[in-house]
Amino acid sequence: MSRLEAEQFGPEAPGPLQKLATLNWGLVAIVVLIAAIGCATLYSAGQGSWDPWAMQQALRFTVGLALAFGIALVDIRLLLNSAYPVYAVTLLLVVAVEFFGEIGKGAQRWIDLGVVQLQPSELMKVVMVMVLARHFHGMTRERIGRVVPLLLPLALVLVPVFLIFRQPDFGTAALILCGAGTMFFLAGVRLWKFLLVLVVMVGSVPLVWLTLEDYQKERIETFLDPGRDPLGSGYHITQSKIALGSGGLFGKGFLQGSQSRLNFLPEKQTDFAFTLYAEEFGLMGALFLLVLFALVVAFACIIGMRAGSQFARLLALGAGMTVFLYVFVNVGMVTGLIPVVGAPLPLISYGGTAMITFMIAIGFMVSAHVHRDVPIGRQTGEGL
């Protein structure tokens with residue numbers, strides 16, 4: 001046990017081996033199983049080859065799992081005290097996209113770091129959870145009930161949302177806004193304030209519509225009427241529905257998906273990876289995968305309810321909501337329940353930043369579990 005740990009946890013501080021023993025191995029096992037399904041899906045997307053996607057996905061998951069373990073084992077008070085600096089750095093990266101970002105698919109969302117391409121807007125999803133958990137941890141319920149003290153956390157949300165909307169990335173901006181709204185609700189913000197915000201948002205729909213890019217408007221129109229342009233803007237969702245339906249109850253079998261192998265299914269390794277999987281394993285396979293994701297969210301809820309501090313509670317529940325939004329938006333998109341927004345399914349879709357973001361969320365959950373009995377002071381994160 002290090003001197004720092006002794007000072008932070010007290011004379012009975014758990015050492016690294018004790019922390020490892022208290023990790024939520026059930027949650028870790030589910031995450032590993034989902035990742036294995038993802039690698040198999042990308043192996044199929046590569047026509048039965050580890051290249052170009054499955055091997056890279058496996059390597060990225062290994063790095064992500066190590067990152068999640070690192071987050072889980074570090075003192076949770078270090079997470080609390082570093083929340084604002086981490087938010088500031090991530091916000092600077094979002095701003096940097098405006099000037100140095102790489103343009104792809106009509107949007108400017110990525111920064112080329114040489115070794116990897118980073119999408120700061122994805123990282124902001126979990127960083128927002130972290131900084132709001134930190135901010136609301138330091139507020140009393142009485143202050144949360146007022147309007148003026150909520151202006152600062154509202155600014156913490158709206159600034160990056162505005163910048164991401166300008167990229168343009170309406171989908172990610174909306175997801176961050178939904179996740180932040182959940183954090184406000186969990187912190188104890190009264191319902192009438194949400195209703196007021198909802199009224200303002202509904203009233204601003206015409207203005208938002210005028211600011212959307214043409215391809216974004218086209219996506220919404222295609223969602224409302226998928227058959228209006230089946231060979232153009234409606235091609236993606238039409239082929240996705242065909243693939244989902246052709247899978248039937250038990251699927252066509254591994255590596256036997258005709259829509260994907262004959263390249264009718266677009267973006268089969270990224271946004272529509274769930275469709276590829278469902279075609280090969282059918283409705284039962286798709287439900288099995290969704291149950292696994294539901295278990296991850298359930299673990300987050302259980303961990304959050306058992307947490308001994310407000311910060312750990314909000315961190316776990318916010319991370320669980322991040323996972324839920326990822327899954328809900330991707331599955332809703334490929335099934336035609338919501339407009340196509342280019343959202344990946346973590347661990348299943350090919351993509352580095354989304355995977356790292358998901359694994360950071362897992363790290364938050366496991367950290368809240370490991371440190372569930374650690375008391376945290378309201379102001380600076382010191383032990384009480």
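Along the sequence shown, the residues carry numbers beginning at 1. Hydrogens, waters and symmetry mates are skipped; everything else that's a heavy atom, side chains included, is used.
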Would you sort out whether L314 and L132 count as a side chain to side chain contact (heavy atoms under 4.5 Å, CB included), showing the intermediate values?
CA-CA 8 Å; L314 292 176; L132 290 179; over 6 Å; no
Distance col, row W192:CH2 vs L198:CG, nearest 0.5 angstrom, shows 14.0 Å
Do S246 and Q259 have side-chain N/O donor and acceptor atoms under 3.5 Å apart?
no
Sidechain-backbone polar pair: H135 side chain, L150 backbone, donor-acceptor under 3.5 Å:
no
V323 and M365: which non-hydrogen atoms are nearest, and at how many Å?
CG2-CE, 3.7 Å
Would a 4.5 Å heavy-atom cut-off, applied to side chains only, mark P120 and I111 as touching?
yes
F170 ring center near F165 ring center (under 6.0 Å)
yes
Which word best sums up how the rings of F274 and Y277 line up, parallel for under 30°, tilted for 30 to 60°, or perpendicular for over 60°?
tilted
When every non-hydrogen atom of I237 is compared with those of M333, the smallest separation belongs to CD1-O, 3.2 Å
Any idea how F358 and F293 line up, ring-wise: parallel (<30°), tilted (30 to 60°), or perpendicular (>60°)?
perpendicular
Nearest non-hydrogen partners of F364 and A319, listed with the distance:
CB-CB, 4.1 Å
Please walk me through it: do L295 and L27 pass side chain to side chain contact (heavy atoms under 4.5 Å, CB included)?
CA-CA 8 Å; L295 287 174; L27 174 58; over 6 Å; no
Rounded to the nearest 0.5 Å, how far does CG of L91 lie from CG of L156?
9.0 Å
Taking V291 as the starting point, is it possible to reach V327 by hopping between hydrophobic residues whose side chains are less than 4.5 Å apart?
yes
Only one of L347, I34, I356 forms a side chain to side chain contact (heavy atoms under 4.5 Å, CB included) with F61, so which one is it?
L347
Side chains of R60 and Q57: any donor to acceptor distance under 3.5 Å?
no
Exercise: identify the closest heavy-atom pair between S44 and F254
CB-CE1, 3.9 Å
State whether the number of non-hydrogen atoms from other residues, nucleotides or ligands found under 6.0 Å of R146 atom CZ is greater than 12.
yes
For D271, does its backbone N or O pair with a side-chain atom of N330 as donor and acceptor, under 3.5 Å?
yes
For R134 and A83 the tightest heavy-atom approach is CB-CB, 3.5 Å
Distance check, rounded to the nearest 0.5 Å: T238 atom OG1 versus I242 atom CD1?
6.5 Å
Do V331 and L337 make a side-chain contact, defined as non-hydrogen atoms from C-beta onward lying under 4.5 Å apart?
no
Apply the test side chain to side chain contact (heavy atoms under 4.5 Å, CB included) to residues L292 and I37: give CA-CA distance (whole Å), side-chain angles for both, the deciding distance (0.1 Å), then the verdict.
CA-CA 11 Å; L292 292 180; I37 293 174; 3.9 Å; yes
Do E279 and S258 have side-chain heavy atoms sitting under 4.5 Å apart?
yes
How long is the gap from CD1 on I176 to CG on L325, to the nearest 0.5 Å?
10.5 Å
To the nearest 0.5 Å, what is the distance between CG on L163 and CG on L158?
11.0 Å
Let's go through F136 and L186 carefully: what are the C-alpha distance in whole Å and the side-chain angles of both, what is the deciding distance for side chain to side chain contact (heavy atoms under 4.5 Å, CB included) to 0.1 Å, and is it a yes or a no?
CA-CA 10 Å; F136 286 123; L186 293 172; over 6 Å; no
